[in-house]
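Here the structure comes first, spelled out in structure tokens, and everything after it is commentary.
Everything numeric here is computed off the predicted structure, so don't read it as measured data. Both backbone and side-chain heavy atoms feed into the values below; hydrogens, waters and symmetry mates do not.
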Amino acid sequence: MKILMVDVDGVLIHGRPSDGLPLFTYLERDLGLQLDVLQEAFFKTYWRDIVTGRDALEPRLVEVLGTIAPHLSARTLIDYWLENDSRLDHTLLDDLAALRAEGTQMFLATNQEHLRAGYLMEKLGLSARFDGIFYSAALGYQKPAAEFFQLATEKVGIAADEIGFIDDVEANIAAARQFGWKAKQWTSGMRLQDAIAAFSA
């Protein structure tokens, strides 16, 4: 394995920094917006296009919030969203750093829109810990689409079977294996060495 691709949500990041709860757990209390209303008006309608780069997050939120929560600005909600979905797994980060120090290149491979991808790399400092990021809004496809894995493989320029991958979603693991990556589904309490060992099993 020359390269390890690492998923973000459910692997490297787990919810709110203070307690690990889902980011919108206290959305109504904190910002006066019901989560089910946001899900229906925004996520169910627009998220697929946003996360694959066909629509932009902030302008679309401005439009939606103007209808469902005129008291709330899009920027306030985005800042709340980013800050409350940023609890890093430092044990995993340390394990990844040790593997990278031995010569394995590290990339994030994740379904993200542009603003959060930038936040992950710059604000959370992951640009110093990874060699780059492959994300759905930039690639135009989201996992588990085969095109996501194809494009990421083409961009790193090595054979698919030299790439390892950890992700918490079974469908993404199956798709990666189908494309030729060595892949292991990440579960709570797992250590990186367990996943790496599975690549050669």
Side-chain angles (χ1 to χ4, degrees), residues 1-17 20 22-23 48 51-53 85-114 116-201:
M1 180 183 71
K2 294 180 179 178
I3 287 176
L4 180 63
M5 302 280 189
V6 181
D7 178 45
V8 172
D9 297 298
V11 176
L12 198 58
I13 287 181
H14 302 270
R16 290 156 45 96
L23 72 128
R48 181 177 293 276
V51 82
T52 51
D85 205 13
S86 62
R87 188 185 200 192
L88 290 163
D89 182 335
H90 290 285
T91 298
L92 177 55
L93 281 173
D94 289 346
D95 289 346
L96 290 168
L99 184 62
R100 190 182 185 208
E102 295 171 1
T104 300
Q105 286 188 285
M106 299 280 164
F107 291 87
L108 297 175
T110 177
N111 290 337
Q112 304 291 339
E113 54 76 45
H114 296 297
R116 186 156 186 256
Y119 184 88
L120 293 170
M121 297 303 277
E122 304 311 322
K123 185 71 173 179
L124 294 187
L126 296 182
S127 61
R129 294 177 172 268
F130 290 85
D131 298 289
I133 180 173
F134 299 111
Y135 67 99
S136 55
L139 297 178
Y141 297 92
Q142 66 182 121
K143 299 176 293 183
E147 290 89 348
F148 181 101
F149 302 98
Q150 179 181 348
L151 289 166
T153 302
E154 290 173 356
K155 288 178 183 296
V156 294
I158 68 167
D161 63 5
E162 295 280 7
I163 299 173
F165 177 53
I166 54 175
D167 193 298
D168 62 315
V169 177
E170 184 177 358
N172 296 340
I173 295 299
R177 288 175 177 161
Q178 184 73 24
F179 192 75
W181 291 11
K182 296 176 171 68
K184 175 67 176 176
Q185 186 172 6
W186 190 261
T187 57
S188 178
M190 182 179 285
R191 291 296 299 268
L192 182 62
Q193 55 264 38
D194 300 327
I196 300 299
F199 294 158
S200 56

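Summarising the geometry, atom CZ belonging to Arg48 is positioned 10.0 Å from atom CG belonging to Asn111; distances are rounded to the nearest 0.5 Å. The line from CD1 of Ile163 to CG of Leu4 is 10.0 Å long, rounded to the nearest 0.5 Å. Remark: Asp89 CG to Ser188 OG distance equals 9.0 Å, nearest 0.5 Å. With values rounded to the nearest 0.5 angstrom, Ile133 atom CD1 is found 15.0 Å from Met106 atom CE. With rounding to the nearest 0.5 angstrom, the CD1 atom of Ile166 is 7.0 Å from the CZ atom of Phe199. The CG atom of Leu120 sits 13.5 Å away from the CZ atom of Arg129 when rounded to the nearest 0.5 Å.
A 4.5 Å side-chain heavy-atom check between Gln193 and Leu99 finds every atom pair outside the cut-off. You'll find the side chain of Asp168 stays beyond 4.5 Å of the side chain of Thr187, heavy atoms only. Counting only heavy atoms from C-beta outward, the side chains of Asp85 and Arg116 approach each other to under 4.5 Å. Leu139 places none of its side-chain heavy atoms less than 4.5 Å from the side chain of Thr52. When side chains are defined from C-beta on, Ile173 does not count as touching Lys184, because their heavy atoms never get closer than 4.5 Å. Counting heavy atoms from C-beta on, the side chains of Val156 and Phe107 come closer than 4.5 Å. Between Tyr135 and His114 the shortest side-chain heavy-atom distance falls below 4.5 Å.
In terms of heavy atoms, Glu162 sits closest to Ile158 at CB-CD1, 3.5 Å. Of all heavy-atom pairs between Phe134 and Met5, the closest is CE1-CE, 3.6 Å. The two residues Ala137 and Glu113 come nearest to each other via the heavy atoms CB-CA, 3.7 Å. Closest heavy-atom contact between Gln185 and Met190: O-CE, 3.3 Å. The two residues Ser86 and Tyr119 have their closest heavy-atom pair at CB-CE2, 4.3 Å. When all heavy atoms of Lys143 and Phe149 are compared, the closest pair comes out as CG-CZ, 3.9 Å.
Within a 6.0 Å sphere centred on CD of Glu147, other residues, nucleotides and ligands contribute more than 12 heavy atoms. By the 6.0 Å contact criterion, CD on Glu154 is enclosed, its count of non-hydrogen atoms from other residues, nucleotides or ligands being greater than 12.
A distance-only check finds a donor-acceptor pair linking the side chain of Ser127 to the backbone of Met121 [under 3.5 Å].
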Residues Thr104, Lys2; criterion side-chain contact (heavy atoms from CB on, under 4.5 Å); working and verdict: CA-CA 5 Å; Thr104 300; Lys2 294 180 179 178; over 6 Å; no
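Checked against side-chain hydrogen bond (donor to acceptor under 3.5 Å, both in side chains), Trp181 has the following partners two or more places apart in sequence or in another chain: Thr153.
Taking the six-membered ring where the residue is Trp, the centroids of Phe148 and Tyr141 are separated by 6.0 Å or more.
In this structure, Asp131 pairs ionically with Arg100, as a charged nitrogen and a carboxylate oxygen lie closer than 4.0 Å. Under the 4.0 Å criterion applied to side-chain N and carboxylate O atoms, Asp95 and Arg191 are assigned as salt-bridge partners.
The side-chain contact (heavy atoms from CB on, under 4.5 Å) test with Val11 is passed by exactly one of Val8, Ile13, Asp7: Asp7.
Side chains of Asp9 and Gln112: a donor on one and an acceptor on the other come within 3.5 Å.
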